[in-house]
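Here's the structure we're looking at; comments come further down.
Remember, it's 1-based here, ligands and their atoms both numbered in the order they're listed.
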Amino acid sequence: MLVVMKFGGSVLRGTEDFKRASFIIEKTFSEGKKVVVVASALKGVTDKLITLSNHALKRNSNLKNKLIQELETQHTEITERGLTKKEIREEINNKLKTLINDLQKVASGIYFLGELTPRSKDYLMSFGERMSTLLLHGFLKEKGLKTKLFTGWEAGIITDSNFGEANPLINLTKYNVKRNLQPLLEKGEIPVVAGFIAATQEGEITTLGRGGSDFTATLLGCSLEADEIWLWTDVNGLMTADPAIVPSAKTIREISFLEATEMAVLGAKKMHPKALEPALKANIPVRIKNAFKPEEPGTLILKKRKIRRGEIVKAVTLIRNVGLINVKGPGMIGKPGTAAKIFNSLGRNKINILMISQSVSELNISMVIPEKDFEKALSTLQLNFLGEGLIQDVAGDKNICVVAVVGEGMKGTPGVAARVFKAVAQKGINVIMIAQGSSELNISFVIEEKMGEKAVKALHEEFSLGKIQ
Ligand code: ASP
Ligand code: MG
């Protein structure tokens, strides 16, 4: 059995975490499984690298150097405390030093040029995973395991040049990964691969987008035809609701890829939304597991799952930090291309739309936008359309949130929407906007922000999600 396992930044913070991760790896390996390891950067390190790039750009030499020093200390503390074999510790420390020196050079480059391109930012961000995997590699060596270290591109992940959110060239990647890693696995070695980072065919370093280590794991998994992909994190798995809102929320034992993707997009776990795609295509089960409680079963994500009787809704999520924009005007009625014009103008300004609804009267179109883009979206629409006769009014409301009810059991089950909105109405909550995709996997609706938690609680209760997991 071949398992690709990824350790997220939330479970890679200090020495104890590295001991724990290497223990988990050793245990799985000793059970006779072949193991490929993927790691994220240490918790918070990618953010620090981004801050570093800004210090360098703003020519803040002191802050730049201080941060590099901090990163060096953060990593060497782990090797100093955790690696007891002198030879291994020195080897890892030397390599770490080389990486830090390179990082210094890249930061200086940005500093002197006064220019930070997406390409140089990716290069800079790549150091997080290069350092964390180096440490993990050292910890596995300490245990006497045979392991080899790879960056994403050395493992074979090749992407286009869309820096910051690069897209893997799948066929090439599959071919490369198989060629590079398979022989090692045959020999009983454990490849340790840096998550998140890859390169173009020309060898320029790219990143797969924030949270991209999950994506690395599924890409390797599908390339190697792994039996399972395990994502180690600091929670027991996906949950029926945010336990901070609903104390009786339960860990979901089994969920389909489609449901999990809906939840990932909705931000239930900070999972990379694209990450599940390769696993879904290759039909490889993905397990989310808690590194602090490895005995917990976690959440198993499957292509097809059995839907138990009465199990309609899987989870309720609350999406905050969004705003609602409403455009209206009689000029929109019967005018083909209106929606296209509106969405085009937002798209050109790189504004992402989370939810859309238009009534059949065509008198208005409502959309939900991430709060960070809200002002920009409003002014874009006002600038482009007001005074043209097409749209009379553009209004916005930031005081809202979205509640989403997710579950494959909703498909073709009549009366689900009725139950959802009755439960919400009984709490005196007014629904402002509604959307259900034709996949019938998700009903989302907009309500006043301060009612969000109340609605989530009511729906969790209505569908007995605290009981049936
Ligand atoms: N280190 C990267 C990030 O923080 C990738 C990851 O954690 O998966 O976004
Ligand atoms: Mg992460």
(request) Report yes if some N/O of D214 lies less than 3.5 Å from some N/O of ligand 1; otherwise report no. (result) no
(request) Mark yes when over 12 heavy atoms from residues, nucleotides or ligands other than K274 sit less than 6.0 Å from its NZ; otherwise mark no. (result) yes
(request) Identify whether NZ of Lys or CZ of Arg in R130 sits under 6.0 Å from the centre of the six-membered ring of F127 and within 45° of that ring's axis. (result) yes
(message) Taking a cutoff of less than 4.0 Å between a non-hydrogen atom of the residue and any ligand atom, is G212 in contact with ligand 1?
(response) yes
(request) Using a strict 4.0 Å cut-off to heavy atoms of R210, name the atoms of ligand 1 that fall inside it. (result) 3 (C), 4 (O), 9 (O)
(message) Is the contact between S213 and ligand 1 made by the side chain, the backbone, both, or neither, using heavy atoms and a 4.0 Å cut-off?
(response) both
(message) Would you say N442 and E262 are linked by a side-chain donor-acceptor pair, where the criterion is simply a distance under 3.5 Å?
(response) yes
(message) Yes or no: does M125 have any heavy atom under 4.0 Å from an atom of ligand 1?
(response) no
(message) Using every non-hydrogen atom in the two residues, find where T15 and F139 come nearest and quote the distance to one decimal.
(response) O-CE2, 4.2 Å
(message) Any heavy atom of G211 closer to ligand 1 than 4.0 angstrom?
(response) yes
Tell me which donor-acceptor pairs under 3.5 Å the side chains of residues 182-194 have, and how far apart each pair is, sequence neighbours excluded?
residue : atom : partner : partner atom : Å
Q182    : NE2  : E186    : OE2          : 3.0

(message) Within ligand 1, which atoms have a heavy atom of E129 less than 4.0 Å away?
(response) 1 (N), 2 (C), 5 (C)
(message) Under a 3.5 Å threshold, yes or no: a donor from one side chain and an acceptor from the other, between T206 and D122?
(response) no
